[in-house]
There are 2 protein chains.
Amino acid sequence: MEFNRIIFDEFKHIPLFQALDDSQLEAIFSTTKKMALPPKTTLFERDSPAEHFYMLHRGQIKLFFLSQDGDEKVVEIIYPNQTFAEAVMFMPEHIYPVSAESIIESEVFRFDIRFFRNLLGNSRETCFRLLAIMGKHLHARVNEIDNLTLHNATYRLVVYLLGQLPDSVTELSAIHLSIPKNIIASRLSITPETFSRIMMQLSKKGYIEVHGNDITLLDVDGLRALL
Amino acid sequence: MEFNRIIFDEFKHIPLFQALDDSQLEAIFSTTKKMALPPKTTLFERDSPAEHFYMLHRGQIKLFFLSQDGDEKVVEIIYPNQTFAEAVMFMPEHIYPVSAESIIESEVFRFDIRFFRNLLGNSRETCFRLLAIMGKHLHARVNEIDNLTLHNATYRLVVYLLGQLPDSVTELSAIHLSIPKNIIASRLSITPETFSRIMMQLSKKGYIEVHGNDITLLDVDGLRALL
DNA sequence: TGGGTAACTTGACCTTAATCAAGGACAAGC
DNA sequence: GCTTGTCCTTGATTAAGGTCAAGTTACCCA
């Protein structure tokens, strides 16, 4: 990719890259490709050979898998400035365990796994950073299994809503759902119908107020008490 | 721990340790403790500070978490010669994400995380091994989420049974459930009652034959076809 | 050898959330 | 404007699996 100061500076702020020096960053830079993705563009597919990992620059990406009969489960939603599929670098089979597709028009940077892996040999600190990232992912997955097996749909939805709060706000907080409800539903492993019904229940009980994708949490403490 | 040639040789075969030289291994050895665990002994608890990881030498350990009202979900079952809780080494908060308890009388080796982490700085190859292990764990968790969200209880149970087969045997294969059925049930996120009923159904349909913990898979291809 | 406990099974019933079906809201394009 | 498609909502129904309760089996240990 042609050198671009602004993008280069952006790279410096990627957590995974923080321990690298300028010459290493430049090397990565020169092997990187910037890609524009129209909405609903497949970036990679589950079980296909993994040669790249990515950083989302603009837009939204969903990571998901499909069942035999076409049901989709969204595992994670990627927001700008997040790297994703880094974990695949050290997966034994070198295949993607999930598929990735843009939700809206997006831009990603594509990094070469092989190249980065070599670079990793020279930077213990970057190794440690990658380990920390994998640890975080692993923890998140374990928590998801907890949520799926020990908690019901309402619990998961309320956790999601509270998670959308900017900080520890306690009253009358407005949140905006930036992704379609059916994708949030899939992320939470519930059907769109059930999602809709639970939102209606929470409204009726006075916990929230819904106007399309804008939601006001009328009673944050009440919602917390549901957990 | 007092030096013991036999145990020392055993350490050499732990995947995570394979890249270490004898002096490094000896250093680990000297900071290791062998622990005997009676049945149902807690080894560590979820959310408690993580200072050690372990290798199971003999017995069986379950990794699990509890819901507020005491329901238990078994996340993984550890068999001899497996290391576990290594992933915690690089988790940001340094706490165990799950609890661990012996199922039967067991023996574990306990390793110091801090010490091993330092050692990791001098062994790139060991870093890579740990990364590979974390990658494997992560993949396993993602697959579990797939199973939980996209497949039903029968599917999960059949996958488990087929997974117990030594190799790609195709007919009249006997397997033995070495762990209590209720723990397998929890591992598969189904109740003991449902577990029992599904086994009965599979028996009635002629796929399997059950005598206590000894199960004969009468029709392996038929079972595979259910998936 | 018998008593006690934990594990397992079975039956009846219930709850949760999925499915099926229909209609409404909204935006994009002609 | 109207059409088309996508997303969302709502209602009626169903299915899967959980819960509760009662027994049975198996095993441990005095």
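Just so you know, these numbers come straight off a predicted model, no measurement behind them. The figures that follow rest on heavy atoms only: side chains count, while hydrogens, waters and symmetry mates do not. Labels below follow one simple rule: chain letters A, B, ... track the order of the sequence lines, proteins then strands, and each chain is numbered from 1.
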Interatomic distance where [atom1] belongs to [X] and [atom2] belongs to [N] [whole Å]:
{"X": "Lys181(A)", "N": "dT6(D)", "atom1": "NZ", "atom2": "C1'", "result": "14 Å"}
{"X": "Leu177(A)", "N": "dC7(D)", "atom1": "CG", "atom2": "C1'", "result": "13 Å"}
{"X": "Ile184(B)", "N": "dA7(C)", "atom1": "CD1", "atom2": "C1'", "result": "12 Å"}
{"X": "Leu150(A)", "N": "dT16(C)", "atom1": "CG", "atom2": "P", "result": "16 Å"}
{"X": "Leu188(B)", "N": "dG18(D)", "atom1": "CG", "atom2": "P", "result": "11 Å"}
{"X": "Leu157(A)", "N": "dC8(D)", "atom1": "CG", "atom2": "P", "result": "13 Å"}
{"X": "Gln201(B)", "N": "dA16(D)", "atom1": "CD", "atom2": "C1'", "result": "11 Å"}
{"X": "Ile183(A)", "N": "dT6(D)", "atom1": "CD1", "atom2": "P", "result": "13 Å"}

Heavy atoms of other groups near His13(A) NE2, more than 12 under 6.0 Å = no
Please check if atom CD in Glu45(A) has more than 12 non-hydrogen atoms from other residues, nucleotides or ligands closer than 6.0 Å.
->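 Result for CD/Glu45(A): open.
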Describe, as an angle rounded to 10 degrees, how the axis at the first end of the helix from dT1(C)-dA30(D) to dC30(C)-dG1(D) is tilted relative to the axis at the last end, five pairs per end.
-> 30°
Phe111(B) and its ring-ring contact (aromatic ring centres under 6.0 Å, His included) partner, picked from Phe11(B), Phe116(B), Tyr54(B) |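 Option passing the ring-ring contact (aromatic ring centres under 6.0 Å, His included) with Phe111(B): Phe11(B).
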For Arg156(B), what residues pass the salt bridge (Lys or Arg N to Asp or Glu O under 4.0 Å) criterion, not counting sequence neighbours?
-> none
Name the orientation class of the two ring planes belonging to Phe29(A) and Phe8(A) (parallel below 30°, tilted from 30 to 60°, perpendicular beyond 60°).
->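 Correct class here is perpendicular.
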In this structure, which one of Lys73(A), Arg187(A), Glu101(A) forms a side chain to side chain contact (heavy atoms under 4.5 Å, CB included) with Phe64(A)?
-> Glu101(A)
Would you call Glu144(A) and Arg141(B) a salt bridge, using N to O less than 4.0 angstrom?
-> no
Phosphate oxygens OP1/OP2 of dC8(D): is one of them under 4.0 Å from a side-chain N or O of Asn182(A)?
->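 So the side-chain polar atoms of Asn182(A) do come within 4.0 Å of the phosphate oxygens OP1 or OP2 of dC8(D), strictly under.
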Counting just side-chain N and O atoms, does Lys40(B) come under 4.0 Å of either OP1 or OP2 of dA6(C)?
-> no
Heavy-atom check, side chain of Met91(B) versus side chain of Pro97(B), under 4.5 Å =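 Touching, per the 4.5 Å side-chain cut-off.
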So, do Thr216(A) and Ile208(A) sit near enough that their side-chain heavy atoms are less than 4.5 Å apart?
-> no
Heavy atoms under 4.0 Å is the rule here; annotate nucleotides 17-23 of chain C 5' to 3' with B where the base is hit, S where only the sugar-phosphate is, and - elsewhere.
-> SSBB---
Pick base, sugar-phosphate or nothing for Met199(A), based on heavy-atom distances below 4.0 Å to the nucleic acid.
->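 Contact class for Met199(A): none.
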Return the nearest nucleotide to the side chain of Ser196(B); candidates are dT9(D), dC8(C), dT9(C).
->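 Nearest listed nucleotide: dT9(C).
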